[in-house]
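Presented below is the structure to which this report refers.
Values below: every heavy atom of this structure, side chains too, minus hydrogens, waters and symmetry copies. Every number for a ligand or one of its atoms is a count from 1 in the order of the listing.
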Amino acid sequence: MPDTAQIFSNILDVVKALDPANTRKWFDELVVLRFAHGLLEIGCPDEATSQFLSDNCRGAFTKAAQNTTGHLVTVEFSPTAARFASPAASQPARAVKVHPDYTFENFVVGPANRLAHASCIAVSHAPGTTYNPLFLYGSVGLGKTHLLHAVCRETQKKIPDAFVRFLSCEQFVNAFISAIEKGTLQEFQSHCRSVDMLVIDDVQFLREREHSQEEFFHTFNALYNNRKQIVLTADCAPAELPSLEDRLISRFKWGLVARLDAPSYETRVAIVQKKAHLRGLEIPESVAEYIARKVQANIRELEGALTIIYATAKTTGEEISLDLAKRAIGAEVDIAKTVTISEIIDAVTNYYDVRLTDLQSKKRSQSITLPRQICMFLARSLTRHSLEEIGGHLGGRDHTTVLHACSKIKQLQKNDPQTNAQLTELTKTITQS
Ligand code: ADP
Ligand code: MG
């Protein structure tokens, strides 16, 4: 009978084939903590990796475990460090959840992002003193969120008892709204104002949220006056943030404003190589160069191209070569590049005859929920926007809501022929318009 290690190694092989986009080199460091009675408990090096696996890979692991063993298996991920740490040493409630890939080491520096990168390092070594606030801006996929995670991780490493809070703009807005609803505004305020570092991603979503802006303004002042670090990102410069209050904008400019530009060809080649390495892939130089030439604007597209190439190599059983890369991404990349969330929303609202404001509202009737979830699902599969960004476009929903919507629609796509047909038609409309 094969032993657990052998079974697990087989499971990992299947996972890699099933889900190349989420496969990482460090999967090889995962261990089996328990494998009995239909439960496979997998030990991860830390909280960040365990979170990553729960959010992105549970499905692939479950399927792989079931295919490999022929039994129904439930998969769980646990951070081993936390498991064995003494309770006094671990403060899970305070630790910020960061993405395991988004470290300074994994960030490739070039002329287009040098200032942003350097200022992030400076801030994480001496929060509240050098650049406050630090405001990063640039269009989608240029590494803003990546840098924020790196700042949080590095600050906590350098100053273990620093209280770092990292929120997407939607999370801030939602926490604020729910505090009002629950009558716990004071707790919310004192919580926000007690941090040593407040990091908020995508503040452009504050527009048209007057009350949240007001609240943010006061939080900002309180933190600033106490010399607490504030780090913000947006998709445009402070002055271009439409309909954001002037007094807020002028505060954004008090510290350092750093722009991220689209990376140069050399930087793109280095990024592709870095990403391939993270995934444990060997790719020839010529393939990295081909991808870098083919995909110019957005780094998420680079990663998408890598995924398609890897998946093609897996299904055809070929080695990754320039020829295979050309066949794999010749057409694909262009499709992914042209679709925007607005186009998806337009198509879906048209198709189901609903209004955008309904999709963004809290309404939960089936006639609204389904189109809303379909928007999320299509945005997830046709664009490379993050779960947070997709949620932001649909009324500030958080990433778990988007994740839930995606898996629900995926189920329907599989089991309900009517939904399946609708999805096919919508996809066609969106990608061909
Ligand atoms: P943004 O928040 O600006 O839209 P993200 O931080 O989400 O962009 O970055 C998109 C993807 O591109 C992420 O996977 C990130 O790791 C990657 N990326 C962006 N810039 C770099 C870089 N300079 N080096 C390595 N990876 C990068
Ligand atoms: Mg981002």
Parallel, tilted or perpendicular: which fits the ring planes of Phe52 and Trp26, with parallel below 30° and perpendicular above 60°? perpendicular

Look at the aromatic rings of Phe252 and Phe135 and report parallel, tilted or perpendicular, splitting at 30° and 60°. tilted

So, Glu388 and Arg397, do they make that salt bridge, N to O below 4.0 Å? no

Quick one: does NZ or CZ of Arg251 land under 6.0 Å from the six-membered ring centre of Phe217, within 45 degrees of the ring axis? no

Give the C-alpha distance, both sets of side-chain angles, the deciding distance and a yes or no for salt bridge (charged side-chain N to carboxylate O under 4.0 Å, His left out) between Glu215 and Arg193. CA-CA 11 Å; Glu215 184 58 33; Arg193 293 168 198 186; 3.3 Å; yes

Neighbour list for ligand 1 [protein residues, heavy atom under 4.0 Å]: Tyr102, Asn106, Phe107, Val108, Asn113, Ser139, Val140, Gly141, Leu142, Gly143, Lys144, Thr145, His146, Ile271, Lys275, Ile299, Arg300, Glu303, Glu389

Tell me the ring pair (Phe, Tyr, Trp, His ring centres under 6.0 Å) pairs involving residues 257-306, sequence neighbours left out? none

Start with the C-alpha gap between Glu29 and Arg24, add the side-chain angles, then the distance that decides, and say whether salt bridge (charged side-chain N to carboxylate O under 4.0 Å, His left out) holds. CA-CA 10 Å; Glu29 289 161 38; Arg24 294 294 177 270; over 6 Å; no

Check against salt bridge (charged side-chain N to carboxylate O under 4.0 Å, His left out), Lys16 and Asp28: CA-CA 11 Å; Lys16 289 173 190 171; Asp28 295 333; 3.4 Å; yes

Sort by chain and number the protein N/O/S atoms found under 2.8 Å from the Mg ion (ligand 2). Thr145 OG1

Would you be so kind as to tabulate the donor-acceptor pairs closer than 3.5 Å made by side chains of residues 174-181, with sequence neighbours excluded?
{"unit_1": "Asn174", "atom_1": "ND2", "unit_2": "Glu170", "atom_2": "O", "d": "3.3"}
{"unit_1": "Asn174", "atom_1": "ND2", "unit_2": "Gly396", "atom_2": "O", "d": "2.5"}

